[in-house]
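Data first, discussion second: the structure below is written as C-alpha cells.
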Amino acid sequence: MNPRRLPLYVTIAIFVLAFLLCWLQFPRILSTRVVGNLLTDNAYLGIAAVGMTVVILSGGIDLSVGSVIAFSGVFIAVMLRDSGLHPMVVFLLVLALTTAFGAAQGALIHGLAMPAFIVTLAGMFLARGSPTSWPWTPSPSTTPSSRLSRRPTGSCPARGASR
Amino acid sequence: MNGFGLLRRVAPQLLTLAAVLVLVTLFFPSFPSVSFGGDRLVGSPIDVLKRGAPVALLAIGMTLVIATRGIDLSVGAIMAICGAVAAFAVTGGWGLGVAVALALATGLICGLWNGFLVAVLGIQPIVATLILMVAGRGIAQLVTEGKILTFSDAGFAYLGSGAFLGLPVPAWAWILAGILTGLVVRRTALGLLIESVGVNLRASRLAGVNSTVLLLTVYMISGLCAAVAGLIVAGDIKGADANNAGLWLELDAILAVAIGGTSLLGGRFSILASLIGAMIIQSINTGILLAGFPPEFNLVIKAILVLLILTLQSPRLGAVAAGLLSRRRRADEAGAAPRSVQEAGQ
C-alpha cells in the first residue's frame, strides 16, 4: 500500500462509513433513485471540485466559483428569455465568458503578484453582484413569486445559485 | 519602529483612505460634516467609525494570525456563537457581567480549538478553521434553539449602541483593542517572534521559539477579538441572530489585512495599517449607501474599488511602472539632447 495514497483511502473509508450510517437510519438510501439523485444533485459540486483541484495544486485558491455558478445560471436564463438564441450557442457563450473571467483573475494573480485569496474574493463580489445590476434583469422584489417558484421541467437543482 | 518609520509604513493606506473619503464626498457633499447631538458626535465619519467596529476588531486578530502564515476563516461563526451565548445568559437572568465573561471565554475556547488543530495536529490553517466556520453557525443555532434570541438588557445594548465621551462604544472598543494589542506585540518581543514563526516555522522552532504556544495564542487572540465583535453586533440589534451575525465578515477582515499591506504569506505585519484597511472598507460600504446608487450595484462597485486599491498597492505594479517611466525618461533625454545643442548654437 502506497503511503502517499493514504489520504485517498481514508477519504473513501469515511465516505463508505457515512453511507453506512445513513443506510442504518434510512435503508432506502441504497435505491438507485436516491443514489442517482445524490449524483445529480451534487454534479455542480463535483465539477467545481475538479477545477478547484487544479487551482489548489498550483498553490492558489478560488473563492469565486460559487458566485460564478450563480452568474452563469442567471446569464443563461436571461439570454434564453431575451435573445432567442439556440441554447447551445448560449452555453458556448457562458463557457467562454466564465473562462475569460477565470483567466482575468489568473492574469492579476500572476502578473501583479497579488494573493489569489484576495483576487478571487473580489471576483466573488463581482460575479455575485453583476447579474443583479443588469438593467434587463427584473429585480427580485418586482418579480411575481409564482415565477420564482415555478420549476423548469426536468430535474434542475439550482442549489449552486443559493447559498 | 520610530514615528517616521511607522508613518511611512502606513502612508499608502492613509492615502487610499483619503482618496476614498474624497471620492465619497464628491458624490455626497455633506459626508464630512460632524455635529454634536445630545450625548455624542453624530455624522457620517462617526458612523464609519462605529459600523466598521466588527471588521476592525476581527482585523486585529486576523493580522496576527496571518502574520504566522495562517488564516482564520471561523471568526464570523465565532461572532455568532459568542453573541448567542451572551444573549442566552442575559435572557436567562444571569446578569451582564456573567454574560460578557461567558462570551469572551467562549471566544477563547473557539480560538483554542483552532489553534489546537493548527499548532498541535498540524492541519493547514485554511482547512482547520473552515471546520469551525461551517460548524459554528450550527453551534450558535443550538444555543439559540433556532430562534433569534432578543433581550432588553440596557447594559448589553449600551455595548452596541451606547456612547462614551462623545464617541460610540463600538468605536472605543476597536480603538482600545488596537492600541492594547499594538503595545503588547511591539513593546515586547512577541511581535518579532510572531513574525519569525510566519517567515520560517522550522527555523524559529530550532532557534528556541515555542511556536506551539505562540500559534495557540494568536488564534486565541483572534477568537477573543471575534467575541468582542459578536457582543457588539448582538448589543447593537438587541438580539442574537445565529444565521446572520458576522456573516461573510471573515472575508472583509482578511480584505482589511490585505489592504493593510500584510502579506498573506506571513511575516511582517502592521496592526495600524490593518485598522486603516478596515476603515477603508467601511468607508466604501457607507459611501455606496450614501451616494444613492441603486443597491444592486453595491457588490460590483466594491469589487472594482477593491481591485483598484490592491492593483495600485501591488509591489509588482510599482516595478512595472518604474520600468516604463525610466524608459520614457531615457527616451526624453535622447530627444532633448539635440534640442539643447540647437539652443546652445543659437
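Letters go in sequence order (proteins before strands), and every chain restarts at 1.
Proximity to chain A (any heavy atom under 4.5 Å) is shown, for B:T311, by both the backbone and the side chain. Both the backbone and the side chain of A:L126 come within contact range of chain B, judged by heavy atoms closer than 4.5 Å. Contacts between B:L264 and chain A at a heavy-atom distance below 4.5 Å involve the side chain alone, from C-beta outward. Using a 4.5 Å cut-off between heavy atoms, B:I126 touches chain A through its side chain atoms alone. Using a 4.5 Å cut-off between heavy atoms, B:I259 makes no contact with chain A at all.
Under a cut-off of 6.0 angstrom, the local environment of CZ in B:F27 is sparse, with at most 12 non-hydrogen atoms contributed by other residues, nucleotides or ligands. Within 6.0 Å of the OH atom in A:Y9, the count of heavy atoms belonging to other residues, nucleotides or ligands exceeds 12.
Taking CD of B:Q124 as the reference point, atom CD1 of A:I56 lies at 8.0 Å (rounded to 0.5 Å). Summarising the geometry, atom CD1 belonging to B:I254 is positioned 8.0 Å from atom CG belonging to A:L63; distances are rounded to the nearest 0.5 Å. Rounding to the nearest 0.5 Å gives a distance of 8.5 Å between CG of B:L299 and CZ of A:R128.
Across A:V119, A:I118, A:L112, a single residue satisfies side-chain contact (heavy atoms from CB on, under 4.5 Å) together with B:L310, and that is A:I118.
With a 4.5 Å cut-off on side-chain heavy atoms, B:L307 and A:F125 do not count as touching.
Taking chain A as the reference chain and counting heavy-atom pairs below 4.5 Å, the highest number among B:I71, B:V306, B:L251 is found for B:L251. Chain B forms more heavy-atom pairs under 4.5 Å with one residue of A:G123, A:A127, A:A113 than with any other, namely A:A113.
Residues A:A122 and B:A303 come closest through the heavy atom pair O-CB, 3.4 Å.
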